[in-house]
Amino acid sequence: MNISVIGTGYLGATHAACMAELGFDVIGVDVDPEKIDSLSRGELPFHEPGLPELIRKHVDSGRLRFTTDMSEVGAWGDVHFIAVGTPQVKGGTGADLTYVDAATTSLVRSITKSGALIVGKSTVPVGTAARLYDLVQQQKNPGVELSLAWNPEFLREGFAVEDTLRPDRLVVGTRTEADEAKLREVYAEALGRDTPWVSTDFETAELVKVAANAFLATKISFINAFAEVTETVGGDISTLADAIGFDDRIGRKFLNAGVGFGGGCLPKDIRALQTRVAELGLDHSMKFLDEIDQINLRRRKKAVARAFELLDQDVVGKKIAVLGITFKPLSDDVRDAPGLDVAARLFNAGADVQVYDPEGNKNAAKRYPRLGYVDSLTEAVKDAELVVLTTEWNEFKALTPADLQDLVAAKRFVDARNVLPAAEWEAAGWTFAQLGRKFNG
Ligand SMILES: NC(=O)c1ccc[n+]([C@@H]2O[C@H](COP(=O)([O-])OP(=O)(O)OC[C@H]3O[C@@H](n4cnc5c(N)ncnc54)[C@H](O)[C@@H]3O)[C@@H](O)[C@H]2O)c1
Ligand SMILES: O=c1ccn([C@@H]2O[C@H](COP(=O)(O)OP(=O)(O)O[C@H]3O[C@H](CO)[C@@H](O)[C@H](O)[C@H]3O)[C@@H](O)[C@H]2O)c(=O)[nH]1
């Protein structure tokens, strides 16, 4: 079976390489020639653990190729996955579907192989698959049988390869048994490992994806709302999370309080869901997600407020080291990253911000070129009046007071991810603040 993947970003490049790993011949298609050049050389243009090795392996074996020319896959592919971006629309809160629409239209026009199946993987508002199904039927070439299915993706950046090869569930929305059977064939190896297979209609498949992300976002903002309370009355947010997490109906995962969620998925997906549901006339059903968003955004302001408190409300000209700029560890992705937001706010307030992230500096510099970027933790913290930890890379989680005390100008630390032992830092003479703990100055 020949497989094409349209869109070779974080999702598409991973999916293409993993499909090759499962034994298929794969072509990845993208409109970005630089991305395609890099992938064709076997080089991954972004950071994702384990993926460079897989891309290299299958480019070398000849099983994986990349092109900017859609017509190459039209006569060749049996299954075409759509993995292009669905970012937040500029100036609004809904999903921008122009890339999905453009990719589908140009793909459909190029397909000459009858019996091919187009499979949407991008995260889309409910109703998109049905609309695209009609578009496919209207625009397909004469004499060509073509169908469409929706197969949302649940991979996490940082674990993308593992999550694709060993997914915790597979969800497929189809309109015919033949389409479902074809997708079973694609995923036969994963299913051999007892992966739950959820076969459903288009609408459920689309909604499962955004429901999962909305639930995860809600869990994070739930604990962060309690962090606002413990910051005021005292108490320890991590102990609270541990204690409720022992109840396996609740579970401890995604209850880490801190500077909140970011990335290319959770923030835009909860906004797009609310927007879509309101469009459908159900203004109130997802209104709570607005509060989830607001709680999350307040966490970034709180991290900045803590920095101000530690510097006696005067940040102008003060050197502040910001450790971690990506939205989470093991990724170079800075889309809607809380750390980058915090760094930019401190810079805009007049601080001399020096950022260090093991993988994210390059992407962050494209968005905020005026921040200072350095290549090591040591350079970032040297002579700093304040250190702010915003992404919990292992390198930062392993820090001890002794590592920094001779480098900094003043022993002040904001741990905005609550990953360091506060008592130890305080005992070593640091003015040490976390989110979700009362700060007594
Ligand atoms: N990043 C993740 O972890 C993840 C996980 C699950 C689902 N998703 C969803 O997957 C989709 C893609 O996300 P991403 O993070 O990979 O985005 P991305 O921005 O990294 O990649 C999108 C790619 O699509 C390409 N593209 C745009 N228009 C195209 C066209 N007409 N033809 C061919 N290529 C085109 C872009 O050049 C880009 O390389 C989104 O809907 C996202 O919500 C992402
Ligand atoms: O307890 C927690 C857990 C996570 N986060 C933050 O939440 C964000 C998102 O984390 P995560 O969900 O691990 O990252 P993504 O790679 O964006 O993955 C999410 O978004 C993807 C795209 O839709 C989905 O496929 C995944 O299932 C879903 O977890 C990050 O900023 C984390 O720092 C917290 O603040 N506290």
Side-chain angles (χ1 to χ4, degrees), residues 4-15 28-36 38-39 45-46 48 66-70 73 81-88 95-107 110 120-125 128 151-160 163-164 167-169 209-210 212-217 219-224 227 238 241 245 251-270 272 296 299 324 326-339 390-392 416-419 435:
S4 86
V5 181
I6 319 299
T8 58
Y10 288 94
L11 166 60
T14 307
H15 197 68
V29 184
D30 205 289
V31 288
D32 181 342
E34 272 180 39
K35 213 170 251 185
I36 290 299
S38 162
L39 288 164
F46 57 88
E48 181 59 47
F66 294 94
T67 181
T68 52
D69 183 1
M70 192 72 93
V73 298
F81 285 100
I82 305 242
V84 300
T86 49
Q88 188 170 328
D96 183 349
L97 294 177
T98 51
Y99 307 101
V100 167
D101 288 357
T104 310
T105 305
S106 94
L107 174 65
S110 82
K121 280 203 94 57
S122 302
T123 304
V124 291
T128 305
N151 167 220
E153 176 57 54
F154 303 95
L155 70 79
R156 300 158 297 167
E157 287 179 27
F159 302 90
D163 287 349
T164 307
D168 49 18
R169 80 288 213 188
K209 171 66 204 174
V210 287
N213 277 0
F215 195 84
L216 294 172
K219 255 190 125 171
I220 298 166
S221 279
F222 178 90
I223 199 69
N224 278 330
S238 303
R252 179 61 178 82
K253 289 179 181 162
F254 271 67
L255 285 179
N256 294 322
V259 73
F261 60 80
C265 293
L266 262 47
K268 63 113 171 138
D269 287 350
I270 60 167
N296 191 52
R299 294 287 78 198
T326 53
F327 82 107
K328 68 180 212 181
L330 301 178
S331 174
D332 64 353
D333 196 343
V334 298
R335 289 178 287 185
D336 212 340
T390 41
T391 313
E392 69 279 29
R417 290 286 181 183
N418 299 341
V419 287
L435 299 188

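In this text the structure is predicted, and so the values were computed from the model without any measurement. Each ligand, and each atom within it, is numbered from 1 in the order the structure gives.
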Legend entry - Within-shell test, Arg156 vs ligand 1, heavy atom, strictly < 4.0 Å: no
Legend entry - Residue and atom name of the nearest protein heavy atom (relative to atom 35 (C) of ligand 1), distance in Å to one decimal: Val84 CG1, 3.4 Å
Inset, instruction - Give the minimum heavy-atom separation between Leu266 and Phe261, together with the two atoms involved. - result: CB-CD1, 3.8 Å
Legend entry - Best match, Thr105, Val31, Asp101: closest heavy atom to atom 34 (N) of ligand 1: Val31
Legend entry - Min N/O separation Lys209 to ligand 1 under 3.5 Å: no
Inset, instruction - Taking only heavy atoms of Ile6 into account, list the atoms of ligand 1 that are under 4.0 Å away from them. - result: 32 (N), 33 (C)
Inset, instruction - Distance to 0.1 Å, residue and atom name: give those for the protein heavy atom nearest to atom 15 (O) of ligand 1. - result: Arg335 NH2, 2.9 Å
Inset, instruction - Go through the steps to decide whether Leu155 and Leu11 satisfy the test side chain to side chain contact (heavy atoms under 4.5 Å, CB included), and finish with yes or no. - result: CA-CA 8 Å; Leu155 70 79; Leu11 166 60; 3.8 Å; yes
Inset, instruction - Compute the shortest N/O to N/O distance between Asp32 and ligand 1 and return yes if it is under 3.5 Å, no if not. - result: no
Legend entry - Nearest protein heavy atom with distance in Å, relative to atom 9 (C) of ligand 1: Thr123 OG1, 3.5 Å
Legend entry - Atom indices of ligand 1, in the order listed, that fall short of 4.0 Å to a heavy atom of Glu157: 1 (N), 2 (C), 3 (O)
Legend entry - Test side chain to side chain contact (heavy atoms under 4.5 Å, CB included) applied to Lys35 - qualifying residues, sequence neighbours left out: Thr8, Asp30, Asp32, Leu39, Pro45
Legend entry - Minimal non-hydrogen separation, Val84 against Ala103, with atom names: CG1-CB, 3.9 Å
Inset, instruction - Tell me yes or no: between the side chains of Lys268 and Thr123, is some donor less than 3.5 Å from an acceptor? - result: no
Legend entry - For atom 44 (C) of ligand 1, the protein heavy atom that lies nearest, with its residue and separation: Cys265 SG, 3.7 Å
Inset, instruction - With heavy atoms of Ala83 as the reference, note each atom of ligand 1 found under 4.0 Å away. - result: 12 (C)
Legend entry - Contact summary for Asn418 and Ser238, nearest pair of heavy atoms: CB-OG, 4.4 Å
Legend entry - Protein heavy atom at shortest distance from atom 21 (O) of ligand 1: Gly9 CA, 3.3 Å
Inset, instruction - Go through Glu157 and Leu330 one step at a time and tell me if the side chain to side chain contact (heavy atoms under 4.5 Å, CB included) criterion holds. - result: CA-CA 7 Å; Glu157 287 179 27; Leu330 301 178; over 6 Å; no
Inset, instruction - Return the minimal non-hydrogen interatomic distance between Ala337 and Thr326, and the atom names on each side. - result: CB-C, 3.9 Å
Inset, instruction - Please step through side chain to side chain contact (heavy atoms under 4.5 Å, CB included) for the pair His15 and Thr164, ending with a clear verdict. - result: CA-CA 7 Å; His15 197 68; Thr164 307; 4.0 Å; yes
Legend entry - N or O contact, Thr86 vs ligand 1, cut-off under 3.5 Å: yes
Legend entry - Protein contact to atom 10 (O) of ligand 1 [nearest heavy atom, distance to 0.1 Å]: Leu11 CD2, 3.0 Å
Legend entry - Minimum-distance protein heavy atom relative to atom 37 (O) of ligand 1: Asp30 OD1, 2.6 Å
Legend entry - Phe154 atom CZ, neighbour heavy-atom count above 12 within 6.0 Å: yes
Legend entry - Distance-only side-chain donor-acceptor flag, Thr98 / Asp96, under 3.5 Å: yes
Legend entry - Nearest-0.5 Å distance, OG of residue Ser110 to CE of residue Met70: 6.0 Å
Inset, instruction - May I ask you to decide if the ring planes of Tyr10 and Phe46 are parallel, tilted or perpendicular, using 30° and 60° as cut-offs? - result: tilted
Legend entry - Lys268-ligand 1 polar pair, N/O distance under 3.5 Å: yes
Legend entry - Side chains of Phe81 and Asn151 in contact at under 4.5 Å (non-hydrogen atoms): yes
Legend entry - Taking atom 6 (C) of ligand 1 as the reference point, the nearest protein heavy atom with its distance: Glu153 O, 3.4 Å
Inset, instruction - Please test Val73 against Leu107 for side chain to side chain contact (heavy atoms under 4.5 Å, CB included), starting from the C-alpha separation and ending with a verdict. - result: CA-CA 8 Å; Val73 298; Leu107 174 65; 4.2 Å; yes
Legend entry - Atoms in ligand 1 flagged as close to Lys35, the criterion being non-hydrogen separation under 4.0 Å: 38 (C), 39 (O)
Legend entry - Amino acids contacting ligand 2, non-hydrogen cut-off under 4.0 Å: Glu153, Phe154, Leu155, Arg156, Glu157, Lys209, Asn213, Leu216, Ile220, Phe254, Leu255, Asn256, Gly260, Phe261, Gly262, Cys265, Leu266, Asp269, Phe327, Lys328, Arg417
